[in-house]
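None of the values given here were measured: they were computed from a predicted structure.
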Number of protein chains: 2
Amino acid sequence: MTTLCATGKHDHHDVYAAQCPCREVLDLLANKWAALAIGALEDGPLRFGELQRRLQGISPKVLTATLRRLEENGFLHREIYPAVPLHVEYSLTELGVSVSVPLSGLRTWVELNLDKLTA
Amino acid sequence: MTTLCATGKHDHHDVYAAQCPCREVLDLLANKWAALAIGALEDGPLRFGELQRRLQGISPKVLTATLRRLEENGFLHREIYPAVPLHVEYSLTELGVSVSVPLSGLRTWVELNLDKLTA
DNA sequence: CCGCATCCGAAACGATACTG
DNA sequence: CAGTATCGTTTCGGATGCGG
């Protein structure tokens, strides 16, 4: 098994390899707030405040950090409209739309199977 | 929209509701180590040490905590064989097999799309 | 060989108040 | 409106040592 993909020389990546960049990406996406944020943007662009209302319980600080990391990794786009009052819109990139599929699968699994859990 | 499912009176759950038990479950599953552990058990039961070798970089403490939470929530089963030396096997429950599907989707997405990431 | 206990530092989280 | 700054709390994670 060629699981060494740290140098980027292999085109076969492995999330189980500690040095693989996959890990960072998995860590970014396999995260409560990231999964919810991407899902919230599936139906179209949203503003900061709208996102905060949908992701009930998130603080502005954590929401900012979540959105920044997703933007830095190319999953969403941040568009600023310099009007008064200020207007900022977040939307999924092509990559974000792509990853929203498996994330949506996880979210819906939870909603559909919650009743089967004992705890 | 009836998003109040804290009392368990509704059969329609919503991961976006802060008070919904969904949140805890999503938090448990949308997690790097949980996703990797469940994936590692897809092909059959594994012992603690085998899991630790596959989930490269995980410490025994964190692995123990991960496995325990997954067990408490009914995603995997812990079988103890009181032999010498001690033998403990972890395996997916029916629920674990069920959730391994969307989790597998996320893992493979990362491996297949890593090359498209800028950072 | 399995896995729990403890300690400790680092990071994440959450609430609140405040600025461009 | 869209964040940032600050602070206190909580959790995460690695290292180590012990017990079954």
| query | Atom CG of Leu63(B) to atom P of dC4(C): distance rounded to whole Å? | reply | 10 Å
| request: Enter the distance from Tyr16(B):OH to Arg53(A):CZ here, rounded to the nearest 0.5 Å. | output: 15.0 Å
| field | Heavy-atom closest contact (Gln56(B) atom, Gln19(A) atom, distance) | value | OE1-OE1, 3.9 Å
| 5'-most contact on DNA chain D: Leu86(B) or His87(A), nearest heavy atom basis? | His87(A)
| Going from CZ on Arg68(B) to CG on Leu76(B), what distance comes out if it is rounded to the nearest 0.5 angstrom? | 11.5 Å
| request: Rounded to the nearest 0.5 Å, what's the gap from CD on Glu71(B) to OG1 on Thr93(B)? Could you check? | output: 10.0 Å
| task | Choose from dC1(C), dG3(C), dA15(C) the nucleotide whose nearest atom is closest to any side-chain atom of Arg47(B). | result | dC1(C)
| note | Rounded to whole Å, the CG-P distance (Leu46(B) to dG3(C)) equals 12 Å
| remark: Tested for side chain to side chain contact (heavy atoms under 4.5 Å, CB included) against Phe48(A), the lone hit among Val88(A), Leu63(A), Leu86(A) is Leu63(A)
| query | To the nearest angstrom, how far is Leu51(B) atom CG from dC2(C) atom P? | reply | 10 Å
| field | Toward the 5' end of DNA chain C, by each residue's nearest nucleotide, Lys61(A) or Val88(B) | value | Val88(B)
Per-pair distances, 0.1 Å, donor-acceptor, side chain in residues 25-42 of chain B, under 3.5 Å, sequence neighbours excluded:
{"unit_1": "Asn31(B)", "atom_1": "OD1", "unit_2": "Trp33(B)", "atom_2": "N", "d": "2.8"}
{"unit_1": "Asn31(B)", "atom_1": "OD1", "unit_2": "Ala34(B)", "atom_2": "N", "d": "2.8"}
{"unit_1": "Glu42(B)", "atom_1": "OE2", "unit_2": "Arg107(B)", "atom_2": "NH2", "d": "3.4"}

| said: Between C1' on dC13(C) and CG on Leu55(A), what's the gap in Å once rounded to a whole number? | reply: 15 Å
| said: With a strict under 4.0 Å distance from non-hydrogen atoms of chain A, what nucleotide opens and what nucleotide closes the contacted stretch of DNA chain D, reading 5' to 3'? | reply: dC1(D) to dC7(D)
| remark: Taken to the nearest whole Å, CG/Asn31(B) to P/dA11(C) is 18 Å
| query | Closest heavy-atom contact between His13(B) and Cys20(B)? | reply | CB-SG, 4.0 Å
| query | Closest to the Trp33(A) side chain: dC4(C), dC13(C), dG20(C)? | reply | dC13(C)
| task | Between Asp27(A) and Leu67(A), name the one whose nearest nucleotide on DNA chain D is closer to the 5' end. | result | Leu67(A)
| Sugar-phosphate, base or nothing in reach of Tyr90(B), heavy atoms under 4.0 Å | sugar-phosphate
